[in-house]
Every structure is written in structure tokens, then in C-alpha cells.
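Sequence positions, counted from 1, serve as the residue numbers for this chain. Side chains are part of it too, since the values below use all heavy atoms of this structure and drop only hydrogens, waters and symmetry mates.
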Amino acid sequence: MDKIPQVLHRSARAVTTAEFYDAIMATCPPRFPGVRGTSVQKVVLAISGGVDSMALAYLCQRVRKKYIGMRVSDNPLGSFYGVVVDHGLREGSANEARKVVSALQEHVGLKAEVATISWKDDNGNPINPHDLPNFETVARQKRYNRIASMCSPTKAVSVFTAHNEDDQYETVLMRLLSGHGYRGLQGMRAATDIPECYERHGVYQSGYVDDQMRAAPVYNTRPTVREIKSMKRELRSRIDPSNFAWEWLRGSKADPTSLYQREYDGIATGSRQAPKLAPMDIEDGGIMLYRPLLNFSKDRLIATCLENKIPWFEDKTNHDPSFTMRNAVRHMCKNYTLPVALQKPAILEFSRRCRDKVAAQKAETDRLFKRTTIHDFEPNVGTAVVELPKFSFPRSPRLSLTSFHRRQKRIAHYRIIAALLIQRLLSLVTPERELTPIKNLDYLVTLLFPNLAISETEVSYPPKPYVICGVHFTPLIGNYSPRWLISRAPYPSNVPRPRNSQSPLRYEHRYGRNQDKWPWRGWPPWKLYDGRYWIRMRHRLPALVEMAPFEPEHHKPFREALADNEARTVLALMLKRYAPGKVRYTLPAIYAKGKVDDLLKGGDYWSRYSHLWIKGLGKKGGKEGSEDSSEKGQQNNGEGKTTADEEARESSDKTEIEGMKPWQMIPLLEKQDMDTAKPVLLALPTLGIYLPGVEDWVEWDIRFRKVDLGMVTQSRRFWVGSDSGGGWMYKGGSGGGGGGIEHRSGWTRPSRRTFAVWRGFKGVERKKRSARTYRVSSERLKVRRMVESRSGSGSGSMGSSMLGSSSSSKLRQAILMGKYFSVAL
């Protein structure tokens, strides 16, 4: 019997519901594995009206009906919601957008809405988009920002787009023509943070902290009742009652949660320690962009729409090769025969190999990062102390003609891995949005990893500080393995400082009111400050309040204005410990520009304008009336005499604002004060230090931007913070050696000179400590044996016979205390 000839079905087949479900599960993994999402969430679909987006809408509706209760990322799927973006670039686009919405509701059963883009500049003036040189980039920014605005009311955190395999091919081809490397030739990622919304809180890598404060958070981390009971049973089985008995006999040092803490916390340094920094929240979350159709060709999407009779709409601008770069590439691929190496199968295979190579390098970087010790990461000041690992090479190189070349190849590979590790460290504290490319990190790789230097002449000893990507690398000097302090680089003199200003409380809101009853301004939206901190602040001051970097000229006046010597000492200790050297001048600070000294000290604000003889103001807002206010103004100098400043103010008022009513003069005088007065430093918010009385007039909230959760976890695991009693002390260099920072900590070995001073009495103290440790261990062993003998079932169980024994009442109370605590858990 002859074989049945093979039949080639050249027509594309439609995408099945099962295939699309598998694509969603592979594209939308959980972002927070510990989240117990129970509330259903909407998923926004970005619809353009083309065949790919209409197929996406149809498949989403089919998969929702077939797979009830399916999860998208961390939460169960509630429903899909379509957003049709109208760019308004041609006549009739609004009518076409409404037709797309009608088609979605009629043929797909999907609710949708039209989102129109407003083409205006930052000042609100209309602009012609076709006159923009970067029209495609601006249109992309406005499109994604409009989609993000549609997600906020429904608390949607997932957006599906209809990018398909053909779009991926065009993207890789465009990047290949632009000269990208293998990392850029990976193409579009299946899941990524929403782009072009970098300064919108709650949209781009932020919003998680606020979400956890809600009664019904999107990311629910609260354990269920069943999980709580299971944890209680597990903790009961792990508790050793003898520990509680021993603590009850000896007397616990602290609360029951510290039963296993160290007997000695470290060696005292003999100097006062800096207070601990208040923990700062680190942001996370935001809207994610998913591309579930990235592995399906456009032919299959067309077949899906044709088979299910789903209409679509063609945009004429997509066929104009002179409109965008993508249109030109699409026209070239469709109308010309490209070489085999540039055709779709070859380009997609090349892109897959690039992704595999990047994934392998990432896995190797992960293994190297596990050997990296982050001794201290302080988001309050934006610093981290890092101890880098060493690369190992074979001790006895192979004796062959290619051994030297193999070693050079190995070094080149290690240098790439080291550069990837440096990029991760940069991401901790850098203010820049884009990290420095790997090819520009060659000098820093040689500086941090001298054994990877291509030649010995490149290695400089001792290592010198280096600045890149807005990050300052400072070597740390001490009797330990090399460490580096990475911090935000000092601000260059020719670069504008980051600022976030708020206008003064309007005079209309203060007129006729006592200063204690001035209303607070509402909380403004969160803003990204210096690319590192999400901030918001409000005030009720009649002055301009802004957040700007801590400047050196404000250090001394701020220190002298603090309450007492204790506060000044705390400021010096915290700056020395957490922000040494020029790091302190990168801290955010809150300034006021205007006359606010009297308000902070509790004085009467209106009395400084009493020389204007404002009638009626005291009846509404003054304490004793206008007459009392005028009397206070006449007694400013103690003997009823006016000072020279007041006489100059009165003369200027008469000449410049003559003929105006008194209540009209005060806003003008306040504006003059804000224009002429020097800024007054009110607070260093990240350190928690502020002038007396500031808390009654200014409120703020600061969070650190999103960082890699694995890096934060590793930092806490090897944390050597304030508990160790150490600190970083800046030491200026002499000659050509350069400056450095020396670490004084109870966890590090002291210097030879310090050890020589301690040698006299530390030997005796060491003997006492050893004897004390032996005595404590012996007592604990006795208690354990007593409990085991009386329980009859081992130290982990509480027998009924031991409770009724004739032992001492104190031991019986200790055992009962241990059992009570285990049952409570």
C-alpha cells in the first residue's frame, strides 16, 4: 500500500482558547508570590481597532467564560475592559473610535470606552503634532499616559496589548538597523512595567505601600484563618519549654521574643552611638504591561477574526511608509524580497538566541550576587556598603599553545558578569532612569575587580573614588577585605538642583483668623524627587516651602537653631554615622522662603504688620483686637521706640503701595519678603531632624523608590547597622593618597594601636566572660535535665506529671509560663 502523500496546509489556523489560556499563564506569573489575592480585578485591553487588537478582545472574552476563576498575575480575573485611544491625528478619527467601541460591544460583548489624547504643551497651549520632530515618541508617551489614567479609577494593575509575532520581527529588525547589541536585539519583553509614566505615583513601580493601607488591598498579604491555625500548631511543636523555664529563673533581659538573642551585643567603642534611623518604606507595585499574543503570527490572528466573524478597522496611516520608521520597515518587508538572514524566521530565531544568552548571563550574575555582601543599605540617605566577591582562576594553567588565549577569553566573560553585577549595585542608589551600558563600565570593572584587569598597568593602588551614572564609589580603609561605599554623587555646580516647591497658604485662607486656626493645605500628589524618593508635603505657612538638597551654607545656621546641645549632638552623630563627607549634601531638605521665625517660636504673626494700623483685622483674626495689635507693634523695642528696620519698612510702604487699603498691603509685603529673604532650613526629613515648632506647620511623607527585592533582603541578612555600635568616619587623605572612610564597628577587628590599649584589661574581661558563659550554660543544662526528668517525654513535650510534682514553686511557674506561651502561639 502506497504511503499517503503529505498535505501541506498553507493557510493559517485560528488561535484556540486553550492556546491563549496557556499564553496568559506563561506571560502573567505572580509578581508577589506571598500574596493571597482573593478580590477579583479588572484587566484593561488596549484596543486600536486593528485585526490584532480585535482578536485579542475576542480571545479574552472566550477565555474568561471558559476558565472561570482564572488568575491574572496575583488576583482572580474579574472582567476585561477595553480602552480605545483616539490620537486625533486626522479627521474622522473620533467617529472611527466610536465605531470600534460599538463593534466591541455588539460582536465581542466587551465594554469599552474612548480615550482621547489632548495635544497641548506643558503650559496648556495647543500644538500641531505633525510639526514635532519626535512625533512618534511624543505620541507613544501620551498614549501610555492616557491608558494609565483609565486604569486608576478601576484600580486595574494589568494592561494587555496586542503586540504579535510580526511586531516582534519588525522591532528586532529596526533595532538591528539602528546598531543595537545582543541585549537590545532580544525584542519586546512579554511582561514589563508600563513605559513612559516614570513620574506618576501608583502607575510606575509604586503604589504598593498605599495599597496595603486600604481595607481591601489589591495585593492581600494577610494570612487566612486556616493558615494562622497551621502556623500555631507548627510553632507549638518547635518551642522548647526549658528555655522559658531558664529565663524565668534567671530573669529575662527583654521581652519573650528576645529569648535567643546574643548575651553580648558587641564590644563597646567608648563613644556615643548615633540614634537609629526610622525605617523608610520602599515602594513597589505599579501597572504591568503584558503581551500575550507575542508568540502568535498576524496570519493566525486574521484567521481568528475571519472564522468568528469579528470585524476590524484598518488605519490608513499604518500603510504610509513616510509616516514612521515602523511603517517603512513594514513596507520593505512586505514589498521586497529580503535576504534569508533578514527574513522573519531567521530574525526571530536570532532574537531567541539573544534572549537565551542574556538569560544565561543573568543566572551567572545571580550566583555571583549571592556571594556579594551588602553590609548596610540605608534608603534614608541613599547609601550602601558593599563587599565584592573575587573571581577565581585555575591555579595551574594548561600548558598548551592556546592557554593564554583561553585565559583572556575567560577574563572577557568574567568582565561582562562583573559589569552586570555593577549595574545591579548602581540601581540601588542611582538617580538616573537608565543605567550605564556595559561597554561603558570597563574602567569601573578594573577598579572594583583588579584581578580581572587586562594588563597590570591598568590597576591603581590604593583604589581611588569614582563617579558614574550619578553614583559615587568610595573605597573603605580598614583591616578587612576591600569594601566600597556607594552613594549618590555630589551635585555638579553646573547642573540645576532638584526642587519641589509649594506656594504659600493663600491670604484669603488666613484673613480674619488666628494663626493657630489657619487651615492645612490638602495633600498634593506624590512626586519623584531626584529620581530616588517619592515625596509629598503640605504646610500652612505664609511662605514658599520647597524641598531641595542640603546645602553647606545652611549647616551652621540649622545646627545653631536647634533646641539644645543634645539636639546638636544628635545631628552631628547622625551625619557622621549615616552621611559622612559630601554624602550629607545629597540629602533632601525642606526650606522656607519668607518670614517664619515668629511662627515657629509661637509669636504673633499679625503683630509684625501692626504698623499698617489695620482696622478690623484684629476683630476677625487677631487675639485682642486691632487696638491690641497696634499696641504690640508700638512696644516692639521695649520702650515704645521703633527700630530702623521698621522705619524703613514704613517709608517703603508709603511710597510703593500708597493709596491701597491695609488688607491689600499684606500680600504684597509677604511677596517682597519671599523675594528678598534667604531660605531657612526647616528640616532634614530623612534623618528625622527638624527645628522646634516645625511639626505644627509642615508635614511630609517620604518613600524610597522601588529597588530589587532580592538586594534589600540580602542587605538585611548581612546587616551591620546601628545595632553593632559602629560608624563610618571620613578621613581626609594626605599627599597623593586620596581620601577614604574608615569603619569603626564592634563587628570588625580593631586596629593594632587600639588593641594594644585594650590588651591590659581585655584579657581579664575575657576570662570573666568565659567563666560567666560557662556558668550560664551549666545552669541552663541543669534546668533542661530537670524538665526532661520530670516530663518523662523529652524536652519538647509537657507531661502532666511534672505539673503536680513537689518541685519548687518558682520552677513550676517557669514551666507553666513556657507552656502558656507555646499555647498562645
Side-chain angles (χ1 to χ4, degrees), residues 501-524 536-547 561-563 590-643 645-650 652-654 657 660-683 685 690-701:
S501 303
Q502 285 194 8
S503 59
L505 184 65
R506 298 182 61 179
Y507 179 70
E508 292 81 2
H509 297 159
R510 296 180 281 116
Y511 175 73
R513 297 183 181 181
N514 190 285
Q515 61 191 28
D516 297 334
K517 297 182 180 180
W518 289 354
W520 284 91
R521 302 185 58 171
W523 282 107
R536 64 172 181 172
M537 59 180 179
R538 64 173 185 170
H539 69 94
R540 56 191 188 108
L541 289 173
L544 180 68
V545 178
E546 66 177 3
M547 184 169 289
L562 292 176
I590 297 178
Y591 297 89
K593 199 171 183 181
K595 301 294 185 180
V596 297
D597 297 338
D598 295 339
L599 290 174
L600 297 181
K601 296 177 181 179
D604 186 11
Y605 178 78
W606 297 115
S607 62
R608 50 189 313 271
Y609 298 107
S610 59
H611 63 282
L612 299 176
W613 304 100
I614 302 177
K615 295 182 179 181
L617 179 60
K619 297 179 182 180
K620 295 182 179 181
K623 293 183 179 180
E624 302 292 341
S626 59
E627 295 181 359
D628 296 339
S629 300
S630 62
E631 291 177 1
K632 292 180 182 178
Q634 293 176 359
Q635 297 176 359
N636 285 339
N637 201 20
E639 299 179 357
K641 298 179 181 180
T642 59
T643 60
D645 295 339
E646 292 174 349
E647 293 178 356
R649 178 185 292 273
E650 292 177 3
S652 63
D653 295 341
K654 293 179 181 178
I657 54 180
M660 298 181 63
K661 295 181 179 181
W663 57 82
Q664 296 175 339
M665 300 178 187
I666 294 181
L668 296 180
L669 294 177
E670 291 176 344
K671 187 176 184 304
Q672 291 178 5
D673 292 338
M674 286 185 287
D675 294 339
T676 58
K678 295 183 179 180
V680 178
L681 178 58
L682 300 180
Y690 47 84
L691 297 182
V694 169
E695 65 275 11
D696 297 330
W697 298 96
V698 184
E699 293 181 350
W700 60 82
D701 196 0

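- Salt bridge status for Glu699 with Arg521: absent, with no side-chain N to carboxylate O gap under 4.0 Å.
- The shortest heavy-atom contact between Ala677 and Lys593 is O-CE, 3.5 Å.
- For the atom pair OH of Tyr511 and CD1 of Ile666, the computed distance is 8.5 Å after rounding to the nearest 0.5 Å.
- The shortest heavy-atom contact between Pro524 and Arg538 is CD-CB, 4.4 Å.
- A distance of 9.0 Å separates CD in Gln502 from CE in Met547, rounded to the nearest 0.5 Å.
- Here the CD-OH distance, from Glu670 to Tyr507, works out to 7.5 Å after rounding to the nearest 0.5 Å.
- The minimum heavy-atom distance between Pro692 and Ala561, with the atom names listed, is CD-O, 3.7 Å.
- For Pro519, the side chain to side chain contact (heavy atoms under 4.5 Å, CB included) partners are Leu505, His509, Arg513, not counting sequence neighbours.
- With sequence neighbours left out, the ring pair (Phe, Tyr, Trp, His ring centres under 6.0 Å) criterion links Tyr605 to Trp518, Tyr609.
- In this structure a side-chain-to-backbone donor-acceptor pair under 3.5 Å is missing from Arg510 to Leu541.
- Under a 4.0 Å N-O distance rule, the pair Asp675/Lys671 qualifies as a salt bridge.
- For the pair Trp697 and Val596, the minimum side-chain heavy-atom distance is 4.5 Å or more.
- Nearest heavy atoms, Asp673 versus Lys595: OD2-CG, 3.6 Å.
- For the side chain to side chain contact (heavy atoms under 4.5 Å, CB included) test, residues two or more places apart in sequence or in another chain that qualify with Val680 are Leu682.
- Residues passing the side chain to side chain contact (heavy atoms under 4.5 Å, CB included) test with Glu546, sequence neighbours excluded: Arg499, Ser501, Tyr591.
- A donor-acceptor contact shorter than 3.5 Å is absent between the side chain of His539 and the backbone of Trp700.
- Looking at residues two or more places apart in sequence or on another chain, you find no side-chain hydrogen bond (donor to acceptor under 3.5 Å, both in side chains) involving Arg506.
- Judged purely by atom type and a 3.5 angstrom limit, Gln515 uses its side chain to pair as donor or acceptor with the backbone of Gly603.
- Atom-to-atom distance recorded for Ile590:CD1 and Leu681:CG is 9.0 Å, nearest 0.5 angstrom.
- Shown here are the side chain to side chain contact (heavy atoms under 4.5 Å, CB included) partners of Asp701, two or more places apart in sequence or in another chain: Trp526, Arg536, Arg703.
- With rounding to the nearest 0.5 angstrom, the CG atom of Leu599 is 11.5 Å from the NZ atom of Lys601.
- For the residue pair Ala543 and Gly594, the shortest heavy atom distance occurs at CB-CA, 4.0 Å.
- Between Asn514 atom CG and Asp604 atom CG the span is 7.5 Å, to the nearest 0.5 Å.
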